[in-house]
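Chain identifiers are assigned alphabetically (A, B, ...) following the order of the sequence lines, protein sequences preceding nucleic acid strands; residue numbering begins at 1 within each chain.
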2 protein chains.
Amino acid sequence: MDNIDKRILEILQTDCLKTAKEMASELSLTTTPIYERIKKLEKAGYIKQYVALLDADLLGKSIVVFLNLTVKDHHVSKRTEFIQQMESLESITEFYHISGSYDFLAKARFSSIKEYRDFLVNDVASISNVSDIESQIVLEELKYSTKVII
Amino acid sequence: MDNIDKRILEILQTDCLKTAKEMASELSLTTTPIYERIKKLEKAGYIKQYVALLDADLLGKSIVVFLNLTVKDHHVSKRTEFIQQMESLESITEFYHISGSYDFLAKARFSSIKEYRDFLVNDVASISNVSDIESQIVLEELKYSTKVII
DNA sequence: ATTCGCTTATCAATATTATCCATTTTTAGT
DNA sequence: ACTAAAAATGGATAATATTGATAAGCGAAT
């Protein structure tokens, strides 16, 4: 993991369809070392996935909500069950165990307030271990990046 | 935006390096329509970016923190200045204006608690308009997906 | 029912790119 | 300076993306 590897990862985090040729000229190398370094970085697990990022607004999924949750029962089996139930909800895109006043933080995306309401009433309410929910509705997304600064 | 387009977007959100040939066989088409549909989806803005997702832990960036912030002055100029200052901090990967007890929510990533402390003391403390901060440190990432359900 | 115009598919040709290999160069340790 | 290991070069080829010409399907208007 030298400086060249880092620069390759930086480029891939911005545009993973950039050709080896283009990267080679940016980094003053030929295509082969670029190619081999990328393969090595993939095998070593530094690169987890290559994905397309979509415009959620254009797709009608413009409601984003952060849910702060506390649970009643912290025992292992109840906790595991709770986590599995939350993870299985496909509206939830991110889910974290956190420190602070709440136990868990979830990010979810909906196409309307009604859909969000239905999610609360039907999906979350059916999970028994939840003791408290506080929702933070996103009014504006000011920055969103998947980049890891290396 | 018909069903085929949706399936293409679903595939690209999971693996954007999948070849047109593979997608064509999955969707019972030939490569050309796949290729043209993808170009059309790109031009229409549905696809914002193609990126590599990295393993932050492997790269030594394993501390993730959510920061809940309130600001003192909500007037336009002060607010704009605050937003610009926050966005410019490269530790902050996500930044939202939210409803609820706090005004803003930020996600940040650090390589150590010390780096997080320095961020609080040096970077955030130098932003004058901040009245209150509550940090939620991520103890475990249970789910992370960039997918938009279509 | 028929024709026109539009959309979308297929097929085939070619331009690019990824991928691999043999050889050379560079690097780091002795 | 010498050696062994690592990394880069340049070129060959296999695969894929990209383009263009053409044909099929379909709804609207006649």
Side-chain angles (χ1 to χ4, degrees), chain A residues 1-62 111 144-150, chain B residues 1-62 111 144-150:
Chain A
M1 172 58 62
D2 62 6
N3 222 43
I4 296 174
D5 284 336
K6 286 182 185 173
R7 292 180 67 187
I8 289 175
L9 290 178
E10 281 166 8
I11 293 170
L12 291 176
Q13 284 191 100
T14 301
D15 177 11
C16 68
L17 298 191
K18 191 164 275 192
T19 62
K21 202 178 174 183
E22 289 173 302
M23 296 175 76
S25 93
E26 275 186 54
L27 304 179
S28 307
L29 284 172
T30 52
T31 60
T32 308
I34 300 291
Y35 173 78
E36 286 173 350
R37 279 170 180 270
I38 291 172
K39 292 298 152 193
K40 192 177 282 185
L41 289 166
E42 286 170 359
K43 277 200 183 128
Y46 290 102
I47 299 168
K48 289 198 294 188
Q49 215 180 352
Y50 294 100
V51 303
L53 300 180
L54 307 188
D55 188 314
D57 287 342
L58 253 185
L59 291 162
K61 288 281 180 178
S62 42
S111 51
Y144 179 80
S145 166
T146 56
K147 278 191 204 166
V148 177
I149 308 298
I150 321 169
Chain B
M1 173 58 60
D2 62 5
N3 221 43
I4 295 173
D5 285 336
K6 286 182 185 173
R7 292 181 66 186
I8 289 175
L9 289 178
E10 281 166 7
I11 292 170
L12 290 176
Q13 284 191 101
T14 301
D15 177 11
C16 68
L17 297 191
K18 192 163 274 191
T19 62
K21 201 177 174 182
E22 289 173 300
M23 297 174 76
S25 92
E26 275 185 54
L27 305 179
S28 306
L29 285 172
T30 53
T31 59
T32 308
I34 299 291
Y35 174 78
E36 286 174 348
R37 280 170 180 270
I38 291 173
K39 291 299 152 192
K40 191 177 280 185
L41 289 165
E42 286 171 0
K43 278 201 183 128
Y46 289 103
I47 300 169
K48 289 198 294 188
Q49 215 180 352
Y50 294 99
V51 302
L53 300 180
L54 307 189
D55 188 314
D57 287 343
L58 253 186
L59 291 162
K61 289 280 181 178
S62 42
S111 51
Y144 178 80
S145 165
T146 55
K147 278 192 205 168
V148 176
I149 309 299
I150 321 169

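Separating the CG atom in B:Leu54 from the CG atom in A:Leu9 is a distance of 5.5 Å, to the nearest 0.5 Å.
Closest non-hydrogen pair, A:Cys16 versus B:Ala52, comes out as CB-N, 3.8 Å. Residues B:Leu59 and A:Tyr46 come closest through the heavy atom pair CD2-CD2, 3.7 Å.
Applying the salt bridge (charged side-chain N to carboxylate O under 4.0 Å, His left out) test to every pair with at least one member in residues 27-38 of chain B, sequence neighbours left out, gives these pairs: B:Asp2-B:Arg37, B:Asp5-B:Arg37. Annotation: salt bridge (charged side-chain N to carboxylate O under 4.0 Å, His left out) contacts involving residues 46-56 of chain A, sequence neighbours excluded, are absent.
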Can you give one letter per nucleotide of nucleotides 9-18 of chain C, 5' to 3': B if a protein heavy atom sits under 4.0 Å from the base, S if only from the sugar-phosphate, - if neither? SBBB----SS
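Judged as a salt bridge (charged side-chain N to carboxylate O under 4.0 Å, His left out), and not counting sequence neighbours, B:Lys147 has no contacts. In terms of the side-chain contact (heavy atoms from CB on, under 4.5 Å) criterion, residue partners of A:Gln49 (sequence neighbours excluded) are, by chain and number, A:Val51, B:Thr14, B:Leu53. Here B:Glu42 pairs with B:Lys39 under the salt bridge (charged side-chain N to carboxylate O under 4.0 Å, His left out) rule; sequence neighbours left out. Partners of A:Ser62 under the side-chain contact (heavy atoms from CB on, under 4.5 Å) rule, at least two apart in sequence or in another chain, are A:Asp57.
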What protein N or O atoms touch nucleotides 22-24 of chain D N or O atoms at under 3.5 angstrom, if any, and at what distances?
none

What side-chain donor-acceptor pairs closer than 3.5 Å can you find for residues 21-28 of chain B, not counting sequence neighbours?
residue : atom : partner : partner atom : Å
B:Glu22 : OE1  : B:Thr19 : N            : 3.0
B:Glu22 : OE1  : B:Thr19 : OG1          : 3.3
B:Ser25 : OG   : B:Glu22 : O            : 3.3
B:Glu26 : OE2  : B:Lys18 : NZ           : 3.0

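A rotation axis mapping the C1' atoms of four pairs onto the next four is fitted at both ends of the helix from C:dA1-D:dT30 to C:dT30-D:dA1 over five pairs, and the angle between these axes is 40° to 10 degrees.
Rounded to an integer number of Å, the gap from CG of A:Asn3 to P of D:dA7 is 14 Å. One interatomic measurement links the two molecules: NZ of B:Lys40 to P of D:dT18, which rounds to 16 Å at whole-angstrom precision. One atom, CD of B:Glu22, and another, P of D:dT16, lie 8 Å apart when rounded to the nearest Å.
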